[in-house]
Protein chains: 2
Amino acid sequence: MPRPPSSQLTEVELQILRILWNKGASTARQIHNYLTEDRNTNYSTTVKMLSVMLRKALVKRDETVHPHLYQPAATQARTQQKMLKDLIQKVYNGSAGSLMLQALSSQKASPEELAEIRQLLDKLEGDEK
Amino acid sequence: MPRPPSSQLTEVELQILRILWNKGASTARQIHNYLTEDRNTNYSTTVKMLSVMLRKALVKRDETVHPHLYQPAATQARTQQKMLKDLIQKVYNGSAGSLMLQALSSQKASPEELAEIRQLLDKLEGDEK
DNA sequence: CCTCAAAAGCGAATTTATTCGCTAACTTGT
DNA sequence: ACAAGTTAGCGAATAAATTCGCTTTTGAGG
């Protein structure tokens, strides 16, 4: 019996997507340059990863220009949502509330963000009635 | 150049840890039985995974009894914390607040949990002054 | 003590994820 | 249209993650 392919984004895939989300459409060379701030790999490797991601439909590519331009296939928000849901499912036994409590108590958030959270909370609790 | 070993928990490792957190100390056979509710693998595989996890110090083993009893090496809370931090770092660009906002708006939480969150929020904002 | 069944361990096979060297294709500036 | 330098693509190599068959060890019962 073989090992099943993972449905998760791999380390490099996520790193590349992050670059694309933050920097916008980029060439393989640009992506590679950002990437090597963290990893120490060859240009060929970056190109290969991009081709794999293209096959997996994780990125799109504009081939009408040279060098080609790569773009993320999904928005950052949608991907975050998916991964968040996954973490809740697998690590928090499906309890979103328990994740929120832990996030709030153990990770730093700015006063502005806290205010925003409160505002959202007001809205949510208002709807309940 | 080889592929670097991942510092993340793998799929099976997490599944096994979840069983141990939820069910408490268990034998390989018990773990295997729970595991096969999701996956369809051989008993040998489960034992092997446990030995790998033992080498990685992800689980502890009581060998004074037979069959041996396995226990998680880290608490669920600590592992959650680590993985949450990692997600925030890698997927939310380090912004815990942004994760909170998305969790709050896209994932269901019970009224009790919302109340708890509000309480925690009060405490946090109180400390700021 | 001996037999049987379950538990534990080992080594090897398979697949995925990642890596890069080498070749081919394309641009640009003579 | 040619030379030089990128850029794109391919195929093969390597380590990690997962799988299981087979052997060895252990414990319980007679």
Side-chain angles (χ1 to χ4, degrees), chain A residues 1-20 23 25-71 83 90, chain B residues 1-20 23 25-71 83 90:
Chain A
M1 289 285 141
R3 166 164 72 141
S6 169
S7 57
Q8 313 270 158
L9 294 177
T10 69
E11 193 70 26
V12 197
E13 285 168 355
L14 192 54
Q15 254 182 284
I16 290 179
L17 285 177
R18 257 212 309 168
I19 289 170
L20 293 177
K23 309 288 181 179
S26 311
T27 68
R29 175 63 62 183
Q30 292 172 322
I31 294 170
H32 177 65
N33 288 342
Y34 290 125
L35 210 50
T36 46
E37 290 174 10
D38 293 309
R39 0 188 102 221
N40 185 226
T41 57
N42 197 293
Y43 174 73
S44 284
T45 302
T46 302
V47 171
K48 177 62 136 185
M49 284 313 302
L50 285 170
S51 95
V52 168
M53 292 175 74
L54 192 62
R55 182 158 40 76
K56 289 193 188 177
L58 295 175
V59 296
K60 292 177 180 179
R61 177 165 75 170
D62 180 356
E63 301 179 6
T64 64
V65 296
H66 268 271
H68 299 167
L69 278 179
Y70 289 89
Q71 277 192 301
M83 295 189 70
K90 291 192 188 151
Chain B
M1 288 287 140
R3 165 162 73 140
S6 170
S7 57
Q8 313 269 160
L9 295 177
T10 69
E11 193 69 25
V12 198
E13 284 168 355
L14 191 54
Q15 255 183 284
I16 290 179
L17 286 178
R18 255 211 311 166
I19 290 170
L20 293 177
K23 310 288 181 178
S26 312
T27 67
R29 175 64 62 183
Q30 292 172 321
I31 293 170
H32 177 65
N33 288 341
Y34 291 124
L35 210 50
T36 46
E37 289 174 11
D38 292 309
R39 351 190 109 224
N40 185 225
T41 57
N42 197 295
Y43 174 74
S44 283
T45 303
T46 303
V47 171
K48 177 62 133 184
M49 285 311 305
L50 286 171
S51 95
V52 169
M53 292 174 75
L54 192 63
R55 181 157 40 75
K56 290 193 190 176
L58 295 175
V59 296
K60 292 178 182 181
R61 179 166 74 171
D62 180 357
E63 301 180 5
T64 64
V65 295
H66 268 270
H68 299 167
L69 279 179
Y70 289 89
Q71 275 193 301
M83 297 190 68
K90 290 192 188 153

| remark: When every non-hydrogen atom of B:Lys23 is compared with those of B:Ser26, the smallest separation belongs to CB-OG, 4.3 Å
| request: Indicate the atoms forming the closest heavy-atom contact of B:Leu17 with B:Leu58, along with that distance. | output: CD2-O, 3.7 Å
| query | Given atom NE2 of B:His68 and atom P of D:dT26, what is their separation to the nearest angstrom? | reply | 9 Å
| More than 12 foreign heavy atoms under 6.0 Å from OH of B:Tyr43: is that the case here? | yes
| request: Examine the base of D:dG21 for any acceptor or donor lying under 3.5 Å from a partner atom in the side chain of B:Ser44, and report the outcome as yes or no. | output: yes
| Under 4.0 Å between a side-chain N or O of B:His66 and OP1 or OP2 of D:dT26? | no
| query | In whole angstrom, what separates B:Leu58's CG from D:dA17's P? | reply | 11 Å
| request: Using a heavy-atom cut-off of under 4.0 Å over every strand shown, decide if B:Thr45 touches base, sugar-phosphate, or nothing. | output: base
| Enclosure of B:Lys90 NZ (heavy-atom neighbours >12, cutoff 6.0 Å) | yes
| task | Tell whether B:Lys48 reaches the base of D:dG21 with its side chain through a donor-acceptor pair below 3.5 angstrom. | result | no
| query | A:Ala28 or B:Asn42: which one's nearest nucleotide on DNA chain D is closer to the 5' end? | reply | A:Ala28
| message | Below the 4.0 Å mark, does C:dT18 have OP1 or OP2 next to a side-chain nitrogen or oxygen of A:Arg39? | response | no
| request: Would you mind classifying the nucleic acid contact of A:Val52 as base, sugar-phosphate or nothing, using non-hydrogen atoms under 4.0 angstrom? | output: nothing
| Is there a side-chain polar atom (N or O) of A:Arg55 under 4.0 Å from OP1 or OP2 of D:dC10? | no
| task | To the nearest Å, give me how far apart CD (A:Glu11) and C1' (C:dT18) are. | result | 12 Å
| Spacing of B:Tyr70 atom OH relative to C:dA7 atom P, expressed in whole Å | 12 Å
| task | Output the single nucleotide from D:dT7, C:dT18, D:dT18 whose closest atom is nearest the side chain of A:Pro67. | result | D:dT7
| said: Taking the nucleotide of DNA chain C with the nearest heavy atom to each, does A:Lys56 or A:Tyr43 sit closer to the 5' end? | reply: A:Lys56
| query | For B:Arg29 and C:dA7, is the shortest distance between a side-chain N/O and OP1 or OP2 below 4.0 Å? | reply | yes
| said: Taking only side-chain N and O atoms of A:Ser51, does any of them lie within less than 4.0 angstrom of OP1 or OP2 on D:dC10? | reply: no
| remark: A:Ile31 CD1 to D:dA8 C1', in whole Å, measures 13 Å
| request: Can you tell me the distance, in whole Å, between the CD atom of A:Gln30 and the C1' atom of D:dT6? | output: 14 Å
| task | Might you work through the salt bridge (charged side-chain N to carboxylate O under 4.0 Å, His left out) test for A:Glu11 and A:Arg39, ending with a clear yes or no? | result | CA-CA 11 Å; A:Glu11 193 70 26; A:Arg39 0 188 102 221; 5.3 Å; no
| message | Could you tell me how far apart A:Met49 (CE) and C:dT19 (P) are, to the nearest whole angstrom? | response | 7 Å
